[in-house]
Peer 1: 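What follows is a single structure, and I will ask about it in a moment.
In this chain, numbering begins with 1 at the start of the sequence shown. Just so it is clear, the structure is predicted and the values come from calculations on it, not from any experiment.
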Amino acid sequence: MIITPAAPCDVAKLLLFREEAAAWLRGKGSDQWSRPYPADKLLATIEAGTVFMLRDGNTTAGTITLTPDAEDGLWTKDELAEPSMFVNKLTVAREYAGQNLGGRLLDWASDRAHRAGARWVRLDAWTTNKELQRYYLAQGFTHVRTVREGTAVNGGSRVSGWLAQRAAQRTDHEFTDHTPAPARLPFAA
């Protein structure tokens, strides 16, 4: 499988991925991703070069966003002073479930963050999705704290404030990486 940067033409596919994941989560009793995500915000992250697509031939198997920008109100000033990259919107197509692609995408993110000079890979997960939180813990993340105050990126109250991190490090994710080398973080040595 090949990982590549997302292109503007991927917006519709990414929005469909989110709808598919939201429907699956609803079936499991979760309200995660029940609010639509603004297409213009998604396009802006694609244009910023922070959205990546996992492709299996002509099929998109998954996606991950990896950015040096933290969502406002989640991390402390001291935490933000540490070189970190942030994972968002990790999604695997249902037809690829059970193949550990999510774990491998997290390993890829850890490797890319390490190459950028990050100490940490950080994320915020859905506050009420205990199964997802257990998943991230099993992937080597450590829970930092849960933030309930604030506003979500797509409006309404904050719903994704379970914060976790793991050390950024070289990994063998086994993907063919067709992404450009990551830019060094401005505070990285």
Side-chain angles (χ1 to χ4, degrees), residues 1-7 10 14 17-18 37 41-55 61-92 100-127 129 132-147 150 152-154 158-189:
M1 288 190 192
I2 298 170
I3 191 158
T4 65
D10 290 316
L14 290 167
F17 256 36
R18 189 175 178 97
Y37 196 82
K41 287 186 183 290
L42 184 55
L43 181 59
T45 60
I46 289 170
E47 290 174 341
T50 61
V51 182
F52 303 92
M53 308 293 278
L54 180 63
R55 302 191 196 274
T63 182
I64 190 168
T65 298
L66 183 64
T67 177
D69 301 319
E71 185 177 326
D72 289 340
L74 292 177
W75 300 91
T76 68
K77 183 177 178 180
D78 288 342
E79 290 165 341
L80 291 173
E82 298 173 320
S84 305
M85 293 196 74
F86 301 87
V87 168
N88 296 296
K89 299 183 275 309
L90 171 63
T91 311
V92 173
N100 191 33
L101 292 185
R104 289 171 58 199
L105 281 165
L106 290 169
D107 287 346
W108 173 85
S110 179
D111 185 74
R112 186 172 180 81
H114 175 78
R115 290 185 290 129
R119 177 177 178 200
W120 299 108
V121 175
R122 291 179 165 152
L123 57 83
D124 59 284
W126 208 257
T127 306
N129 190 335
L132 179 62
Q133 295 164 18
R134 285 190 295 273
Y135 172 79
Y136 284 127
L137 293 171
Q139 295 298 322
F141 284 82
T142 301
H143 179 238
V144 176
R145 73 181 156 283
T146 301
V147 176
V153 171
N154 57 342
R158 180 175 310 285
V159 288
S160 188
W162 185 87
L163 306 183
Q165 65 187 17
R166 80 179 207 191
Q169 60 189 7
R170 287 247 178 234
T171 63
D172 183 13
H173 46 75
E174 300 177 354
F175 297 135
T176 301
D177 191 341
H178 285 189
T179 64
R184 294 291 292 176
L185 296 175
F187 38 80

Peer 1: Only counting residues at least two apart or in another chain, list the ones meeting salt bridge (Lys or Arg N to Asp or Glu O under 4.0 Å) with Arg115.
Peer 2: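 Counting only residues at least two positions away or on another chain, Arg115 forms a salt bridge (Lys or Arg N to Asp or Glu O under 4.0 Å) with Asp111, Asp177.
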Peer 1: Going from OG1 on Thr179 to CE on Met53, what distance comes out if it is rounded to the nearest 0.5 angstrom?
Peer 2: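 One gets 14.0 Å once the value is rounded to the nearest 0.5 Å.
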Peer 1: Looking at Leu132 and Trp126, what are the two nearest heavy atoms and their distance?
Peer 2: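 Taking Leu132 first and Trp126 second, the nearest heavy atoms are CD2-N, 4.2 Å.
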Peer 1: Provide the closest heavy-atom pair for Arg184 versus His114 in the form atom of the first, atom of the second, distance.
Peer 2: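 What the structure gives for the nearest pair is NH1-O, 4.2 Å.
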Peer 1: How close do Ala109 and Val87 get, heavy atom to heavy atom, and via which atoms?
Peer 2: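 Scanning both residues completely, I find the closest heavy atoms to be CB-CG2, 4.0 Å.
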Peer 1: Under the rule for side-chain contact (heavy atoms from CB on, under 4.5 Å), what residues qualify as partners of Ala70, not counting sequence neighbours?
Peer 2: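 Testing Ala70 for side-chain contact (heavy atoms from CB on, under 4.5 Å), a comparison that skips the adjacent residues, returns Trp75, Leu80, Phe86.
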Peer 1: Quick one: pull up CE in Met1 and OG1 in Thr176 and give me the separation to the nearest 0.5 Å.
Peer 2: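 Rounded to the nearest 0.5 Å, the CE-OG1 separation comes to 10.5 Å.
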Peer 1: Report the residues that fulfil salt bridge (Lys or Arg N to Asp or Glu O under 4.0 Å) with Arg166, sequence neighbours left out, ordered by chain and then residue number.
Peer 2: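 By the salt bridge (Lys or Arg N to Asp or Glu O under 4.0 Å) rule, Arg166 matches Asp107.
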Peer 1: Let me see the working for Val51 and Asp10 under side-chain contact (heavy atoms from CB on, under 4.5 Å), right down to the final yes or no.
Peer 2: CA-CA 10 Å; Val51 182; Asp10 290 316; over 6 Å; no
Peer 1: Output the distance between atom CG (Leu42) and atom OG1 (Thr65), rounded to the nearest 0.5 Å.
Peer 2: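 If I round to the nearest 0.5 Å, the distance is 7.0 Å.
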Peer 1: For a 4.5 angstrom cut-off between non-hydrogen side-chain atoms, does Met85 reach Leu185?
Peer 2: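 They are in side-chain contact.
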Peer 1: Does any non-hydrogen side-chain atom of Thr171 lie less than 4.5 Å from one of Arg104?
Peer 2: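 Answer no - side chains too far apart.
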Peer 1: Do Val147 and Thr127 have side-chain heavy atoms sitting under 4.5 Å apart?
Peer 2: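 Sidechains of Thr127 and Val147: no contact.
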Peer 1: Could you tell me which non-hydrogen atom of Ala183 sits nearest to which non-hydrogen atom of Ala116, and how far apart they are?
Peer 2: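 Minimum heavy-atom separation between Ala183 and Ala116: O-CB, 3.4 Å.
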Peer 1: Report the residues that fulfil side chain to side chain donor-acceptor pair (under 3.5 Å) with Thr142, sequence neighbours left out, ordered by chain and then residue number.
Peer 2: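 Thr142 satisfies side chain to side chain donor-acceptor pair (under 3.5 Å) with no other residue.
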Peer 1: Which residue pairs satisfy the salt bridge (charged side-chain N to carboxylate O under 4.0 Å, His left out) criterion with at least one member in residues 133-144, sequence neighbours excluded?
Peer 2: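 Non-adjacent pairs meeting salt bridge (charged side-chain N to carboxylate O under 4.0 Å, His left out): zero.
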Peer 1: If I take atom CG from residue Leu123 and atom CZ from residue Phe141, how far apart are they, to the nearest 0.5 angstrom?
Peer 2: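 Separation between the atoms: 4.5 Å.
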Peer 1: Which residues pass the ring pair (Phe, Tyr, Trp, His ring centres under 6.0 Å) test with His178, not counting sequence neighbours?
Peer 2: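 Listed in chain order: nothing, the list is empty.
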Peer 1: How close do Pro5 and Pro180 get, heavy atom to heavy atom, and via which atoms?
Peer 2: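 Nearest heavy atoms, Pro5 then Pro180: CG-CD, 3.7 Å.
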Peer 1: Got a donor-acceptor contact below 3.5 angstrom from the Thr45 side chain to the Thr50 backbone?
Peer 2: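 Checking the backbone N and O of Thr50 against the side chain of Thr45, no donor-acceptor pair under 3.5 Å is found.
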Peer 1: Who are the side chain to side chain donor-acceptor pair (under 3.5 Å) partners of Gln139, not counting sequence neighbours?
Peer 2: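 By the side chain to side chain donor-acceptor pair (under 3.5 Å) rule, Gln139 matches no residue at all.
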Peer 1: Flag the pair Val144 / Trp120 as yes when at least one side-chain heavy-atom distance between them is below 4.5 Å, and no otherwise.
Peer 2: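 SC-SC contact between Val144 and Trp120 ruled out.
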Peer 1: Evaluate the side-chain proximity of Leu101 to Leu54: yes if any heavy-atom separation is below 4.5 Å, no if none is.
Peer 2: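 The answer is yes, as the side chains (C-beta and beyond) meet within the 4.5 Å cut-off.
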Peer 1: If the condition is side chain to side chain donor-acceptor pair (under 3.5 Å), which residues does Thr76 pass it with, not counting sequence neighbours?
Peer 2: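 Partners of Thr76 under the side chain to side chain donor-acceptor pair (under 3.5 Å) test: Glu79.
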Peer 1: So which heavy atom on Leu163 is nearest to which on His143, and how close?
Peer 2: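 Closest heavy-atom pair between Leu163 and His143: O-CD2, 3.3 Å.
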Peer 1: Residues two or more places apart in sequence or in another chain: which of them pass side-chain contact (heavy atoms from CB on, under 4.5 Å) with Arg119?
Peer 2: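 With sequence neighbours excluded, Arg119 shows a side-chain contact (heavy atoms from CB on, under 4.5 Å) to Glu82, Pro83, given in chain and number order.
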Peer 1: List in chain and number order the residues that pass side-chain contact (heavy atoms from CB on, under 4.5 Å) with Ala44, two or more places apart in sequence or in another chain; answer none if no residue qualifies.
Peer 2: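 Testing Ala44 for side-chain contact (heavy atoms from CB on, under 4.5 Å), a comparison that skips the adjacent residues, returns none.
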Peer 1: Do the side chain of Tyr135 and the main chain of Gly103 share a donor and acceptor less than 3.5 angstrom apart?
Peer 2: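 Flag set: sc Tyr135 to bb Gly103 pair under 3.5 Å.
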Peer 1: What pairs with Gln133 under side-chain contact (heavy atoms from CB on, under 4.5 Å), at least two apart in sequence or on another chain?
Peer 2: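 Gln133 satisfies side-chain contact (heavy atoms from CB on, under 4.5 Å) with Lys130, Trp162 once adjacent residues are dropped.
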Peer 1: Mind checking salt bridge (Lys or Arg N to Asp or Glu O under 4.0 Å) for Glu47 and listing every partner two or more places apart, or none if nothing turns up?
Peer 2: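 Counting only residues at least two positions away or on another chain, Glu47 forms no salt bridge (Lys or Arg N to Asp or Glu O under 4.0 Å).
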Peer 1: Taking Thr63 for the side chain and Phe52 for the main chain, is one N or O donor matched with an acceptor at less than 3.5 Å?
Peer 2: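 Confirmed, Thr63 side chain pairs with Phe52 backbone.
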Peer 1: Mind checking the CG-CD spacing from Asp124 to Glu71? Nearest 0.5 Å is all I need.
Peer 2: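 The CG atom of Asp124 sits 5.5 Å away from the CD atom of Glu71.
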